[in-house]
Amino acid sequence: MANPHLLASIRAVTHFAALQFRSTIRQMAAGLLLLVTLGSCSRSESISISSGLNQGYYNRLGEQIRSSANAQVKMSVQNRESQGSRQNLQRLLDREVDFALVQLDVASEAMRQGKVQAIAMLASEPIHLIIRANAGIRTFQDLRNKRVAIGSEGSGTRYTANQLLTAARLTIREDDSNFDQALKELRARQTDALIYVGSLGASETLRQQFDQNLNLRLISIPTSVVNYLTVRDPGSYQAAQIPIGTYSARPSVPAQDLSTFSTATVVVTRPDMSREKVGLLTWSILSTSRKYAQFYPALQTGEPRSLMQQGLVYIHPAAQDVYEEGDPRDAWMRYWENNSDLQAGLFILISTSGVGLLLRHWRKEQSKKLASTTTKRINELRTLLPQETAQALQSIEALQQEHRVMFVEGTVPTEVYEQVQRKTQMFADECRSILEQQRKHLVLDTLLLLDEWQASLQTDPAEAMQKLTQIKQQYRDMLLSDQVDISAYIELVELTLLSLMTLAPASGQPRSQLAAASLASQSPVDASLAADHSPLTSFPGST
């Protein structure tokens with residue numbers, strides 16, 4: 001007599017196989033329906049996008065998007081003119097349009113609130129300060145009380161200009177003319193300067209003005225102001241340069257590399273926008289990425305999937321699928337391959353091993369779960385940026401190691417491992433970039449503090465030594481709160497000691513006394529670290 005437990009197991013496996021077969025047939029039918037739906041969508045869909053002034057930078061970018069969508073996915077795009085980023089964002093929130101071209105800094109708050117999501121970054125927009133050479137303006141601070149064109153109402157330029165002036169605590173006489181009108185006023189001496197936000201060299205109007213008017217100049221934005229803005233809002237602003245000769249070779253405009261900061265041009269939409277529309281528009285842009293190099297020069301030779309997501313945290317899920325998998329119209333083929341529907345059906349029909357079927361199904365589900373949990377974990381770690389970037393990097397590297405072990409043990413298929421590895425590596429690279437930027441900002445801020453300290457050392461040594469003690473206390477607090485690692489802390493201490501040794505004679509105190517006072521202001525642990533690692537301890541006359 002057959003074992004009743006064995007018969008029960010066989011019946012259970014047979015029942016599961018039958019259910020799986022029916023499920024597979026349903027999935028294949030659903031996939032075919034999806035293919036038909038996407039095919040009809042690509043032939044008949046239409047969308048609207050809010051861009052910018054006629055013939056302006058954003059309007060031309062909108063025209064390129066319209067051309068790409070029509071050529072690649074047969075989707076009609078209505079390109080609506082506007083005053084710029086702020087009006088575009090408001091139209092999107094008011095559901096007047098489906099998509100909008102917006103500066104990243106203008107959209108950042110709405111993104112954090114979950115009201116809009118990005119689908120692509122299409123340019124980096126440095127901030128330009130353009131002046132008349134005979135307006136008595138040589139530096140950024142000379143703009144005080146001058147008449148400055150900061151952009152028209154509704155424009156992204158006006159928003160960024162206000163952020164800049166507020167950070168610098170600079171009072172000006174505002175001119176709200178649009179870009180073309182402001183250039184005319186600048187030539188006619190009706191205004192002294194203008195602020196322009198746009199991709200390097202993308203404005204043909206600006207290039208012509210520099211060629212035809214030798215009285216126009218570009219000036220730098222102070223590093224301290226750039227640091228303040230990029231550290232306060234790293235998701236919106238990045239330090240940048242306007243290279244020598246960008247707008248004219250002879251004479252060079254600018255005449256030297258100029259420091260500034262930049263934001264990004266992004267295409268945004270609402271989270272509830274149709275996934276089909278988002279996917280098709282994203283693919284039309286990605287598949288014609290080289291055509292956007294006139295706005296985003298890095299796309300000429302760079303990897304578009306990476307460049308178009310660079311610095312973006314809040315990306316629409318349908319756009320993210322396109323970056324990871326490609327053309328959404330091929331979803332049927334990917335569905336077939338990734339889920340192995342046909343293979344599963346054949347396997348069920350010819351398989352003699354119910355256990356093998358169970359193991360295959362279990363492994364596929366585990367692979368899906370791994371990809372999903374990896375994405376969820378990365379999103380959780382993003383909340384640590386930029387305040388706890390080191391912790392985020394350590395956590396993502398630990399996750400990468402877990403994936404490698406699983407891959408070596410054979411519990412994760414190659415394609416799934418490569419997919420999660422790409423995700424984790426992109427996030428790890430982002431963390432390292434933020435850490436390096438923070439380290440540079442920290443060193444620059446230290447140099448500025450030491451400059452102030454050196455100046456006070458000449459006039460009031462006692463006050464200077466008190467300020468030095470405060471600086472070192474700040475270093476220790478940053479070290480204890482993990483804002484800097486030990487190597488960065490030692491570098492800062494060395495900078496401080498180097499400045500101390502260099503200016504010691506001018507202060508009227510011997511080097512040994514100043515060094516002793518400096519070390520005395522440190523905790524025993526800090527003094528030991530500085531003495532063990534700093535080359536300054538070997539200076540003649542040091543204690």
Side-chain angles (χ1 to χ4, degrees), residues 52-61 64 84 103 122-143 146-152 155-158 160-161 164-165 172-223 225-226 238-265 292-298 300:
L53 295 171
N54 183 34
Q55 298 303 312
Y57 164 60
Y58 271 22
N59 188 260
R60 289 189 292 116
L61 187 52
Q64 181 57 59
Q103 286 178 197
L122 291 181
S124 176
E125 298 190 57
I127 285 70
H128 299 59
L129 294 183
I130 308 170
I131 64 164
R132 282 189 294 109
N134 57 1
I137 301 172
R138 298 179 60 85
T139 68
F140 178 75
Q141 292 298 328
D142 293 336
L143 293 176
K146 298 290 186 180
R147 186 171 183 81
V148 181
I150 61 172
S152 57
S155 69
T157 293
R158 189 181 187 91
T160 307
L164 170 62
L165 296 170
I172 61 165
R173 290 181 291 137
E174 295 182 3
D175 184 314
D176 59 0
S177 302
N178 63 39
F179 178 59
D180 290 334
Q181 182 61 32
L183 281 173
K184 293 178 182 178
E185 293 177 357
L186 195 62
R187 293 197 308 269
R189 301 187 179 187
Q190 296 172 351
T191 189
D192 301 308
L194 71 85
I195 297 175
Y196 166 73
V197 183
S199 180
L200 286 179
S203 172
E204 189 61 31
T205 299
L206 187 57
R207 189 184 300 277
Q208 291 174 0
Q209 290 300 318
F210 280 120
D211 282 338
Q212 299 169 7
N213 299 276
L214 301 181
N215 195 34
L216 298 184
R217 298 283 190 276
L218 285 165
I219 60 174
S220 288
I221 298 175
T223 303
V225 177
V226 172
Q238 299 291 323
Q241 274 194 339
I242 303 177
I244 181 175
T246 296
Y247 290 95
S248 177
R250 290 181 177 274
S252 296
V253 178
Q256 59 186 8
D257 293 344
L258 300 180
S259 68
T260 184
F261 65 101
S262 66
T263 187
T265 304
Y292 294 85
Q294 58 179 310
F295 310 102
Y296 193 4
Q300 187 65 44

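Since this is a predicted model, take the numbers as computed values, not measurements. For the numbers below, each heavy atom of this structure counts, side chains included, while hydrogens, waters and symmetry mates do not.
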If I take atom [atom1] from residue [X] and atom [atom2] from residue [Y], how far apart are they, to the nearest 0.5 angstrom?
X	Y	atom1	atom2	answer
Ile127	Tyr196	CD1	OH	11.0 Å
Gln241	Ser262	CD	OG	11.5 Å
Lys146	Asp175	NZ	CG	15.0 Å
Leu143	Ile219	CG	CD1	5.0 Å
Tyr292	Leu122	OH	CG	6.5 Å
Leu183	Leu216	CG	CG	7.5 Å

Looking only at heavy atoms, which two atoms of [X] and [Y] are closest? And how far apart?
X	Y	result
Thr246	Ile242	OG1-CG2, 3.9 Å
Leu214	Asp211	CD2-O, 4.4 Å
Ser220	Ser259	OG-N, 3.3 Å
Ala293	Gln300	CB-OE1, 3.3 Å
Glu185	Ser177	OE2-OG, 2.9 Å

Quick one: does any side-chain atom of [X] pair with a main-chain N or O of [Y] as donor and acceptor, under 3.5 Å?
X	Y	value
Thr160	Thr157	no
Arg147	Thr191	no
Thr263	Glu125	no
Thr260	Ile221	no
Ser199	Tyr296	no
Asp257	Ile244	yes

Give the C-alpha distance, both sets of side-chain angles, the deciding distance and a yes or no for side chain to side chain contact (heavy atoms under 4.5 Å, CB included) between Thr265 and Tyr58.
-> CA-CA 9 Å; Thr265 304; Tyr58 271 22; 3.7 Å; yes
Once the angle between the rings of Tyr247 and His128 is folded into 0 to 90°, is it parallel (under 30°), tilted (30 to 60°) or perpendicular (over 60°)?
-> perpendicular
With side chains defined as the heavy atoms from C-beta onward, is the minimum distance between Ile130 and Leu218 less than 4.5 Å?
-> yes
Kindly indicate whether the side chain of Leu200, heavy atoms from C-beta on, has any atom under 4.5 Å from the side chain of Pro126.
-> yes
Among Leu164, Asp176, Ile172, whose side chain to side chain contact (heavy atoms under 4.5 Å, CB included) with Ile150 holds?
-> Ile172
For the side chain to side chain contact (heavy atoms under 4.5 Å, CB included) test, which of Leu194, Leu186, Ile137, Asn213 pairs with Arg132?
-> Leu186
